[in-house]
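What follows is a single structure, written as structure tokens, with notes after it.
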Amino acid sequence: MAKIIVFTDLHIVPEGERIIGLDPYEKLAKGIDHANRLNADADRIVCTGDLTNWGDPHSYRRLKEILDRSAIPATLLLGNHDNRGEFLSVFDDAKTDRAGFVQSSLDIDGWRLIFLDTLNAPPYDFPEAYSGYLCDDRLSWLDAELAGAPDRVAVFMHHPPHDIGFPGMDAIKLKNGDVFYEVVERHGKVRHIVAGHVHRTISGSHRGIPFSIFKSPCHQMPLDFVNVDPASSVEEPSAYGILLLTPHGVLSHSEDYEISTTDFQSDVAALGVGGLRA
Ligand SMILES: [Fe+2]
């Protein structure tokens with residue numbers, strides 16, 4: 001069984017800046033320290049995009065500083081707040097496909113993890129580039145990765161490839177999700193899709209394939225099915241996701257790592273003889 005930790009939408013900013021009063025650097029650092037203490041047996045951390053808020057090299061270097069203290073190796077994906085060139089200038093050992101997109105795959109315990117680059121840039125023209133896009137080059141790469149994969153595949157990407165029920169976010173999802181699903185369905189191997197972008201914990205299925213989206217370590221999106229502006233944010237507890245990949249499927253957990261002021265403890269005396277508290 002493989003254990004994968006998902007941090008999404010980190011939005012690291014230059015020193016001194018904050019987002020709705022929160023310090024993304026400090027919030028992520030706490031999450032990495034938490035994972036080091038309680039989930040150091042994980043096989044991988046996957047960061048599903050919006051690694052920085054402005055796509056600037058200084059923020060990427062600050063992110064590198066935090067990840068350097070992680071006991072678990074990390075794979076980084078790009079989101080609409082990222083800049084591919086600036087990212088690669090700092091993370092110069094990041095894997096790319098032959099066309100230079102930040103796409104790669106990792107085979108682990110009978111699963112293939114496929115990491116997609118849905119950044120719809122260059123050009124970095126906003127608001128157009130808020131949405132995600134997979135060009136023909138990236139879709140061909142995905143097609144080949146699926147062809148050579150075992151029959152258990154999990155796909156990681158920043159932009160959800162389908163609506164999630166928030167009008168503001170649905171307007172800036174992956175633009176060509178239908179084409180993406182056509183490629184996926186051609187192979188019948190994708191058992192789970194993990195996305196970011198929304199800053200909320202959401203799960204369900206689309207076209208028969210289950211998906212998970214997790215909260216950010218920093219600012220979250222308010223739960224509003226009518227008026228959600230993609231720029232609206234709220235302070236709720238920081239979280240990361242934990243996926244357990246078994247021979248039979250995927251178990252998807254969310255860890256709100258700032259709620260508890262202490263790590264879990266076992267108090268055998270308080271259980272009583274044969275007693276359980278859960
Ligand atoms: Fe984000």
Side-chain angles (χ1 to χ4, degrees), residues 5-14 17-32 45-56 59-60 62-63 66-67 74-84 86-87 91 102 115-121 124-133 156-175 177 193-203 211-224 228-241 254 256-258:
I5 293 188
V6 181
F7 280 96
T8 192
D9 295 85
L10 320 175
H11 288 265
I12 301 297
V13 290
E17 275 189 41
R18 288 178 169 255
I19 298 175
I20 65 162
L22 307 172
D23 180 348
Y25 182 99
E26 182 193 314
K27 304 271 273 180
L28 177 63
K30 274 188 194 168
I32 294 294
I45 287 175
V46 182
C47 298
T48 47
D50 283 1
L51 306 171
T52 63
N53 202 50
W54 305 114
D56 60 297
S59 298
Y60 286 118
R62 297 189 82 211
L63 172 60
I66 305 174
L67 293 176
T75 296
L76 308 181
L77 280 64
L78 301 181
N80 47 292
H81 279 262
D82 289 305
N83 179 296
R84 193 176 294 109
E86 301 292 10
F87 166 77
F91 290 92
V102 184
F115 308 115
L116 294 179
D117 178 343
T118 59
L119 173 58
N120 185 18
Y124 292 85
D125 286 341
F126 299 100
E128 173 65 15
Y130 291 141
S131 302
Y133 186 64
F156 297 75
M157 58 206 298
H158 180 69
H159 294 82
H162 52 79
D163 285 346
I164 49 88
F166 294 171
M169 294 308 291
D170 291 344
I172 56 169
K173 63 180 188 277
L174 186 75
K175 281 169 63 172
I193 293 172
V194 178
H197 199 38
V198 191
H199 298 229
R200 281 214 78 82
T201 309
I202 306 170
S203 61
F211 70 88
S212 298
I213 298 172
F214 298 105
K215 281 188 174 173
S216 163
C218 191
H219 50 299
Q220 316 300 357
M221 175 156 283
L223 183 60
D224 182 338
V228 171
D229 166 354
S232 60
S233 297
V234 66
E235 183 180 358
E236 290 183 14
S238 303
Y240 60 79
S254 178
D256 298 321
Y257 61 85
E258 282 188 325

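Note that this is a predicted model, so its numbers are computed, not measured. We count ligands from 1, going down the list as the structure has it; atoms in each ligand are counted the same way.
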Looking at the Fe ion (ligand 1), which N/O/S atom of [X] is the nearest one?
X   : value
H11 : NE2
D9  : OD2
D50 : OD2

How are the rings of [X] and [Y] set to each other: parallel, tilted or perpendicular (split at 30° and 60°)?
X    : Y    : answer
F211 : H162 : tilted
F87  : Y60  : perpendicular
H219 : H11  : perpendicular

Of all heavy-atom pairs linking F156 and L77, the shortest is O-CD2, 3.3 Å

(Q) I'd like to know if the Fe ion (ligand 1) has an N/O/S atom from H197 within less than 2.8 Å of it, counting both backbone and side-chain atoms. (A) no

Mind checking whether the Fe ion (ligand 1) has an N, O or S of H199 under 2.8 Å?
yes

*Without swapping roles, check the side chain of Q220 against the backbone of S216 for a donor-acceptor pair under 3.5 Å.*
yes

